[in-house]
S.K.: 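Just passing along the structure, written as structure tokens.
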Amino acid sequence: MSISRHDRAEPAVRGYAVTHPPGVAALPIQAGWDQLLYTASGAMTISTPAGSWFIPPHRALWIPDGAQATVRNRSPAAVRNLYFATPLGVAPPRAQAVAVPERFGRELLLHAVRRCPLDLGDPVQAALLTVLVDQLRGLPEASVWLPWPADPRASDLATALLADPAAELTPLAHRVGASRRTLERAFGAETGLSLGAWRRRARILSSLDTLAAGGSVTQAAVEAGYATPSAYVAAFKQELGQTPRHFLNG
């Protein structure tokens, strides 16, 4: 693996460790730097105009240089950031969530944050960066993306469904000023998901906040609008391929 050329007048990689309190904040954007945001504990939701990523523990999100995003978390979230100089060519061309494997991958990432800044002029730091980039480029994509419809009425409906997962669709459709059929077409065309599939995915992904904060499966099921924990677990496995606890533990 080769790393693209970089101006050695400044470090190639910067690191930042922070625990975000509950709330909403605009993600700082630094021109010339790609970001990797890793959740060590807790959960965060990172939103762009195109959609949102729900990032539970041991997942990370690549954010390319210049991308605008906001961060929301309902409980404290320990976040570890790596900023890569864009000329290194480390980040994928679009925002992308990845799963960080146990032990070596996670410890390597955390070690790099602690050792930052990394300078390519230092042989030890350059070697660390080479290993780190090799590992990061091989990470599997994580299924935590929720696309967002552009149609204003569909967007209003999506916001309402996230706020009240158990809400009836017909009254909500009337409230946003469109027929259910029109909204179905908008969701299918703009998100690639039927309205029902989008709603199920939104309910499951938004429940990750509750689970990451230590809430029970029963609590997550109730907040996500499911009548029973077993129905919630079945929907969770259908959407993400694992039970809630196995998924959360990475």
Side-chain angles (χ1 to χ4, degrees), residues 20 22-31 34-35 37 39 43-56 59 61-75 77 79 91-97 141-212 220-227 232 235-236 238-240:
H20 284 290
V24 180
L27 189 68
I29 300 296
Q30 293 187 336
D34 300 317
Q35 298 187 50
L37 284 74
T39 307
M44 58 181 173
T45 301
I46 301 178
S47 300
T48 70
S52 299
W53 289 263
F54 294 77
I55 310 296
R59 274 74 174 181
L61 180 67
W62 281 109
I63 301 182
D65 179 21
Q68 301 293 319
T70 58
V71 179
R72 177 184 64 81
N73 47 295
R74 292 169 50 190
S75 58
V79 181
R94 59 180 177 84
Q96 178 181 311
E141 192 164 356
S143 301
V144 291
W145 161 246
L146 181 68
W148 201 260
D151 181 283
R153 298 164 299 178
S155 179
D156 287 346
L157 179 67
T159 300
L161 288 174
L162 281 180
D164 184 3
E168 292 289 335
L169 283 174
T170 300
L172 285 182
H174 290 159
R175 188 188 309 172
V176 302
S179 69
R180 183 165 173 172
R181 185 175 180 180
T182 296
L183 293 167
E184 287 276 9
R185 286 199 299 267
F187 271 84
E190 297 177 358
T191 71
L193 298 171
S194 69
L195 178 52
W198 187 95
R199 185 182 193 183
R200 182 181 65 245
R201 185 166 185 78
R203 293 164 83 177
I204 295 302
L205 291 178
S206 62
S207 74
L208 295 175
D209 270 333
T210 300
L211 296 171
V222 171
E223 292 183 2
Y226 286 89
Y232 167 71
F236 197 104
Q238 180 181 354
E239 193 63 44
L240 298 178

S.K.: Looking at R203, is its backbone amide N or carbonyl O close enough to the side chain of S206 to form a donor-acceptor pair, meaning the two atoms are under 3.5 Å apart?
M.R.: yes
S.K.: Over all heavy atoms of both residues, which pair between A77 and A43 is shortest? Give the atoms and the distance, please.
M.R.: CB-O, 3.7 Å
S.K.: Atom OG1 in T159, atom CG in D164: separation rounded to 0.5 Å?
M.R.: 13.0 Å
S.K.: List for me each residue that meets salt bridge (Lys or Arg N to Asp or Glu O under 4.0 Å) alongside R180, sequence neighbours excluded, and say none if there are none.
M.R.: none
S.K.: Is there a side-chain contact between L211 and F236 in this structure, where contact means two heavy atoms from C-beta onward sitting under 4.5 Å apart?
M.R.: yes
S.K.: If only atom types and distance count, is the side chain of R74 paired as donor or acceptor with the main-chain N or O of P22 below 3.5 Å?
M.R.: no
S.K.: Salt bridge between D156 and R175, side-chain N to carboxylate O under 4.0 Å?
M.R.: no
S.K.: Please list, chain by chain and in numerical order, all residues satisfying side-chain contact (heavy atoms from CB on, under 4.5 Å) with S143, sequence neighbours excluded.
M.R.: R201, L240
S.K.: Taking all atoms of both residues into account, what is the closest heavy-atom pair of W145 and A50, and its distance?
M.R.: CH2-O, 3.3 Å
S.K.: Are any of the side-chain heavy atoms of F54 and R72 separated by less than 4.5 Å?
M.R.: yes
S.K.: Closest approach of R200 and Y226, non-hydrogen atoms and distance?
M.R.: CG-OH, 3.7 Å
S.K.: Run L27 and Q35 through side-chain contact (heavy atoms from CB on, under 4.5 Å) and show every step you take.
M.R.: CA-CA 10 Å; L27 189 68; Q35 298 187 50; 4.1 Å; yes
S.K.: Quick one about S207 and T210 (side-chain donor to acceptor, distance below 3.5 Å, no hydrogens or angles considered), yes or no?
M.R.: no
S.K.: Going by an N to O cut-off under 4.0 Å, is there a salt bridge joining R153 and E190?
M.R.: no
S.K.: For side-chain contact (heavy atoms from CB on, under 4.5 Å), just list the numbers for L169 and L161, CA-CA rounded to whole Å, side-chain angles, deciding distance to a tenth of an Å, and then say yes or no.
M.R.: CA-CA 9 Å; L169 283 174; L161 288 174; 3.9 Å; yes
S.K.: Got a second to check how far S194's OG is from R199's CZ, nearest 0.5 Å?
M.R.: 11.5 Å
S.K.: Can you tell me how far CG of L146 sits from CG of L162, rounded to the nearest 0.5 angstrom?
M.R.: 6.5 Å
S.K.: What's the spacing between L157 CG and L195 CG if we round to 0.5 Å?
M.R.: 6.0 Å
S.K.: How many angstroms lie between atom CG of L205 and atom OG of S52, to the nearest 0.5 angstrom?
M.R.: 9.5 Å
S.K.: Who pairs with W198 by ring-ring contact (aromatic ring centres under 6.0 Å, His included), at least two apart in sequence or on another chain?
M.R.: W148, F187
S.K.: Where is the tightest heavy-atom contact between V144 and A97, given as atom of each residue plus distance?
M.R.: CG2-CB, 3.4 Å
S.K.: How far apart are the closest heavy atoms of A31 and D65, and which atoms are they?
M.R.: CA-OD1, 3.6 Å
S.K.: With rounding to the nearest 0.5 Å, note down the distance linking CH2 in W62 to CZ in R94.
M.R.: 13.0 Å
S.K.: Closest approach of P49 and Q68, non-hydrogen atoms and distance?
M.R.: CD-O, 4.4 Å
S.K.: Would V176 and L183 count as a side-chain contact (heavy atoms from CB on, under 4.5 Å) here? Give the steps.
M.R.: CA-CA 10 Å; V176 302; L183 293 167; 4.1 Å; yes
S.K.: Check the pair M44 / I46 against side-chain contact (heavy atoms from CB on, under 4.5 Å), numbers first and verdict last.
M.R.: CA-CA 6 Å; M44 58 181 173; I46 301 178; 4.0 Å; yes
